[in-house]
Amino acid sequence: MRRITRYVLTELLIVFGLTLSAMTAFMILVGLAQEAIRQGLGPEPILRLVPYVLPNALRFAVPGTILFAACSVYGRMAASNEIVAVKSLGISPLAVLWPGYALAFFVSLVAVWLNDVAATWGREGMQRVVMQSLEEIVYGTLRVNRSYRNANGRFSISVRNVDGRKLIRPSVTFQSEGNDPPVTLTAREAELRGRPETESLAIV
C-alpha cells in the first residue's frame with residue numbers, strides 16, 4: 001500500500017514540477033515583455049523585475065498546474081486500468097487518492113501565501129524598479145516617439161531630437177491643478193537626471 005501511495009505521489013510531483021516550471025517561465029516572459037513594451041524598460045531593469053514578477057506568475061500558475069497534474073496522472077492510471085488492479089488486490093482506492101488530496105491541500109496554502117506576497121511585496125517592488133529606471137524610460141520613449149507623457153497626463157515633454165544624453169529643442173509642459181492654464185518651458189537643449197532616492201526626475 002505504501003509503495004502505491006509513493007508511486008502516485010512521485011508521479012504527481014513530477015508532472016506538477018515540470019508543468020509549473022514551464023508555465024511560470026512562460027508567464028514571466030509574457031509579463032516582462034508587456035511591462036518592457038509599456039514602460040520602455042532596458043535589459044537591466046527587466047532583470048531586476050524578475051523576482052517581483054515571480055510571485056504574481058506563480059499565483060496564477062499553481063492552481064492550474066495542480067489541476068493538470070491530477071487530471072494527467074489519474075487519467076493515465078484509469079486508462080491503464082491501474083485503479084481496477086488496485087481494487088482487485090483488495091486495496092481501497094483512497095490509497096491512490098489521498099496523495100492527491102494532501103498535495104492539493106499543501107499547494108492551496110502556498111497559493112494563499114503567494115497571493116499576499118504578489119499583492120504587497122511584488123507590486124511595490126515593480127513600482128520601485130520602474131521609478132528608479134524613470135530616466136532610462138523617458139530617454140527611451142523620447143528616442144522612439146520624440147515625446148513622453150506621464151501616467152496622469154500632467155507632465156509631458158517633446159523634443160526635436162535626442163543626441164546621446166542631450167535633448168535637442170525640448171518643450172516641457174506642466175499641467176496645473178484646477179482651471180489654471182498649463183505652463184510650457186522651451187530650451188535649445190536640456191538633459192534629464194534621475195534621482196532614485198526621491199523617485200523624481202530633474203530637467204537641466
Side-chain angles (χ1 to χ4, degrees), residues 9-73 99-145 147-157 162 165 174-175 177 192-203:
L9 184 59
T10 302
E11 291 293 315
L12 286 170
L13 288 174
I14 290 174
V15 177
F16 176 74
L18 292 176
T19 309
L20 182 64
S21 301
M23 187 176 294
T24 304
F26 174 76
M27 294 183 72
I28 287 177
L29 290 176
V30 171
L32 288 178
Q34 290 178 344
E35 193 69 21
I37 293 173
R38 188 169 64 88
Q39 300 286 358
L41 297 176
E44 182 185 352
I46 290 177
L47 291 177
R48 288 163 53 199
L49 279 174
V50 171
Y52 302 110
V53 175
L54 182 60
N56 194 50
L58 282 172
R59 70 171 179 162
F60 291 107
V62 165
T65 303
I66 189 64
L67 177 62
F68 175 80
C71 292
S72 176
V73 172
Y101 294 151
L103 181 61
F105 176 75
F106 174 75
V107 167
S108 67
L109 298 179
V110 175
V112 172
W113 175 74
L114 285 173
N115 274 316
D116 182 59
V117 172
T120 55
W121 178 79
R123 186 175 300 171
E124 292 176 1
M126 290 176 63
Q127 291 176 350
R128 185 167 58 251
V129 170
V130 171
M131 288 302 300
Q132 291 174 350
S133 308
L134 185 59
E135 180 182 349
E136 181 182 345
I137 293 171
V138 176
Y139 266 114
T141 305
L142 289 175
R143 287 191 181 97
V144 175
N145 301 326
S147 64
Y148 171 83
R149 180 182 297 271
N150 69 339
N152 58 23
R154 292 184 176 178
F155 166 77
S156 63
I157 180 171
V162 180
R165 307 293 298 178
F174 300 93
Q175 181 65 47
E177 295 183 1
L192 300 175
R193 295 178 184 174
R195 295 175 177 174
E197 64 279 359
T198 59
E199 296 185 349
S200 61
L201 188 67
I203 303 176

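Not measured: the values here are computed from a predicted model.
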query = Within a reach of under 6.0 Å around CZ of F68, are more than 12 heavy atoms found that belong to other residues, nucleotides or ligands?
reply = no

request  = Determine whether more than 12 heavy atoms belonging to other residues, nucleotides or ligands lie under 6.0 Å from atom CH2 of W113.
outcome  = no

note = The reported gap from CG in N115 to CZ in F60 (rounded to nearest 0.5 angstrom) is 7.5 Å

key: Heavy-atom pair of closest approach, residues L20 and L58   = CD1-CD2, 4.1 Å

task = Mind checking the CG-CG spacing from L103 to L9? Nearest 0.5 Å is all I need.
result = 6.5 Å

task = Hey, could you give me the CG/CG distance between L109 and L114, rounded to the nearest 0.5 Å?
result = 11.0 Å

ask   = Would you say the side chain of V110 lies within less than 4.5 Å of the side chain of V62, judging by non-hydrogen atoms?
value = no

ask   = Hey, what do you get for CG (L18) to CG (L13), rounding to the nearest 0.5 Å?
value = 10.5 Å

query = What do you reckon, is CZ of R123 surrounded by more than 12 foreign heavy atoms closer than 6.0 Å?
reply = no

note = Closest heavy-atom pair, G17 versus S21, reported as atoms and distance to 0.1 Å, is O-OG, 2.8 Å

remark   = Residues M27 and A57: closest non-hydrogen pair is SD-O, 3.7 Å

Spacing of L49 atom CG and I28 atom CD1 [to the nearest 0.5 Å] = 11.0 Å

ask   = Rounded to the nearest 0.5 Å, what separation is found between the CD1 atom of I157 and the CG atom of L192?
value = 5.5 Å

key: Closest non-hydrogen atom pair between M23 and T65, with its separation   = SD-OG1, 3.8 Å

request  = For V162 and Y139, work out which heavy atoms get closest and say how close.
outcome  = CG1-CD2, 4.2 Å

request  = May I ask you to decide if Y52's main-chain N or O and N56's side chain share a donor-acceptor pair within less than 3.5 Å?
outcome  = no

CZ/F26: more than 12 non-hydrogen atoms of other groups inside 6.0 Å = no

inquiry  = I need the minimum non-hydrogen distance between A61 and T24, along with the two atoms involved.
reply    = CB-OG1, 3.8 Å

